[in-house]
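Scroll down for the structure; my scribbles are underneath it.
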Amino acid sequence: MNFGGGWLQFPFMSQHRRGSAAALLVLLCATLRAPALENELARTPPMGWNSWYPMGTKVDDKGIRATIDAVVANGLKQAGYIYVNIDDGWSRRDSRDAQGNPVSGRDEHGNLVPDPQRFPNGMRALADYAHSKGLKLGIYSNAGARTCSGYPGSQGREQQDANLFAAWGIDYVKHDWCNVSPTAKAPELYRLMGQHLAKTDRRMVFSICDWGSSNPWTWAGEVGNLWRTGGDLAPNWLNILSVLDQQVGLESYAGPGRWNDPDILHVGNGRLTLDQNRAQLSLWSILAAPLLIGTDVRKAEKDVLGVLTRREVIAVNQDPLGIQGAKVSDTGDLEVWARPLKDRAQAVVLLNRTQAPAKIAVKWSELGWPSDLAARPRDLWTGQDMEEAHGGLSTEVPAYGAFMVRLTAPKLPTTNLPPVGRLVIGDGSPVGTLYDTGRIRLRVLPYDADGRVTKVEVLEGDKSIQSFAGGPYHFQFQRPPGLYRLTARITDDAGATSTTEPLELKIELKK
Ligand code: GLA
């Protein structure tokens with residue numbers, strides 16, 4: 001990055017984050033973690049398959065059994081994908097009788113009923129089938145009165161539904177957020193369902209799905225095992241990138257038993273290319289995201305299965321330390337992401353968001369390692385050890401694609417490594433952008449190579465202007481024209497502190 005090379009002009013940011021018309025020309029010179037839900041599940045991000053994208057509401061017993069068989073036959077189970085999750089549309093719908101009176105889809109005892117045509121054997125039999133194959137069965141419910149596709153929801157019936165799911169042998173419950181009352185509070189309704197699930201005699205992964213609307217990362221770690229951070233992911237590159245951008249700064253909230261969920265793996269869906277498929281799995285692994293396959297595994301192509309079962313990439317996702325990785329640098333469309341792994345190793349993804357191949361470099365100092373360290377990179381997609389790299393590495397990354405390595409450094413000191421980070425403008429670029437209001441969005445990208453970041457403080461001169469106990473670490477900086485010098489002070493979980501390179505901002509009014 002180039003902070004020092006004189007005044008730069010920058011009305012040329014990448015498409016995906018360009019601001020609107022300019023009134024100001026900006027010139028650039030230069031958790032508190034609540035206790036986790038203790039159901040002992042999902043110590044590493046859950047892996048499995050979800051019916052929503054391949055089947056929609058056309059889920060049925062036959063299709064789920066065939067999927068279970070395919071998960072086993074295609075090597076997906078062996079690779080770690082053990083949950084087969086039925087999403088919306090499985091139950092009997094509310095209807096009307098001949099006189100037009102509403103008839104509940106629930107039975108006379110108020111229990112949910114699997115659609116009798118599509119699930120003639122019931123759910124218990126399907127769970128037994130999944131279990132007989134060494135897999136687990138997930139189901140879908142909803143906090144409001146109706147699911148997103150209009151099937152009966154759990155509102156007011158949380159205990160009854162939790163008990164029913166337990167009696168059926170369900171292992172995973174995704175609880176959605178459609179048709180809730182306008183005054184409903186997500187922490188309360190999810191806590192209610194979570195408590196009823198916890199009171200049953202069955203341990204079930206609890207997946208919170210309010211699309212990030214209540215900032216669930218701030219409360220959901222003690223209520224569920226994973227929480228969606230945003231809306232539904234579409235199977236295209238730009239949407240994957242925009243959801244990726246929403247994950248920046250959420251890393252401090254994740255850990256064993258509690259995961260940020262940026263939604264499904266679209267590997268094999270839409271028109272995603274092989275490079276894009278690999279990129280999504282690489283990024284979701286750096287993010288310690290749940291790996292829930294969203295493609296039809298009964299007819300998945302060989303290269304799609306090859307991506308999904310790439311063991312060394314999955315091993316990064318499933319790293320036992322359970323520390324979510326972070327974006328460590330960004331030059332607009334070329335990004336570096338990293339994740340601390342057990343045995344003081346690190347995983348690194350170089351991401352090329354653009355339509356042309358590009359060279360991307362990472363310095364060890366950006367990863368919190370000594371700048372002259374010799375490291376051994378292993379390319380996780382080819383499975384090849386690369387030449388020993390001193391101080392950093394640089395490689396060409398395919399268009400719309402990612403390169404992923406695991407780095408080990410036998411000579412790395414065994415003492416705690418202090419955190420690192422940088423202050424950037426906008427959503428990450430160090431080259432700045434145009435702003436129309438004079439409010440400049442600044443962000444800190446903190447990272448710790450051997451643990452977690454616990455505190456970030458932004459200083460203007462020596463005055464603290466912003467303090468964060470957890471991310472996302474961004475804020476609005478609004479000042480009259482002038483020259484400003486900012487730094488960030490970052491603290492890690494071992495109490496080590498470091499201060500970033502200064503960010504010097506010159507703000508001028510544009511005529
Ligand atoms: C919501 C969820 C999706 C899916 C659908 C089902 O949109 O976010 O993941 O469960 O509902 O209707």
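Indexing begins at 1, ligand by ligand and atom by atom, following the structure's order. For reference, positions follow the sequence shown, starting with 1. All values derive from a computational prediction rather than experimental measurement.
Aromatic ring centres of W337 and W284: separated by at least 6.0 Å. The distance between the ring centers of Y190 and W177 falls below 6.0 angstrom.
Between the side chains of T147 and D88, at least one donor N or O lies within less than 3.5 Å of an accepting N or O. Between D333 and T354, the side chains place no donor N or O within less than 3.5 Å of an acceptor N or O (distance only, hydrogens not considered).
D303 meets the salt bridge (charged side-chain N to carboxylate O under 4.0 Å, His left out) test with no other residue; sequence neighbours excluded.
Between F475 and F477, the ring-plane angle classifies as perpendicular under the 30° and 60° cut-offs.
Each of W52, D87, D88, Y140, C148, S149, K174, D176, C209, W211, R228, D232 has a non-hydrogen atom positioned under 4.0 Å from some atom of ligand 1.
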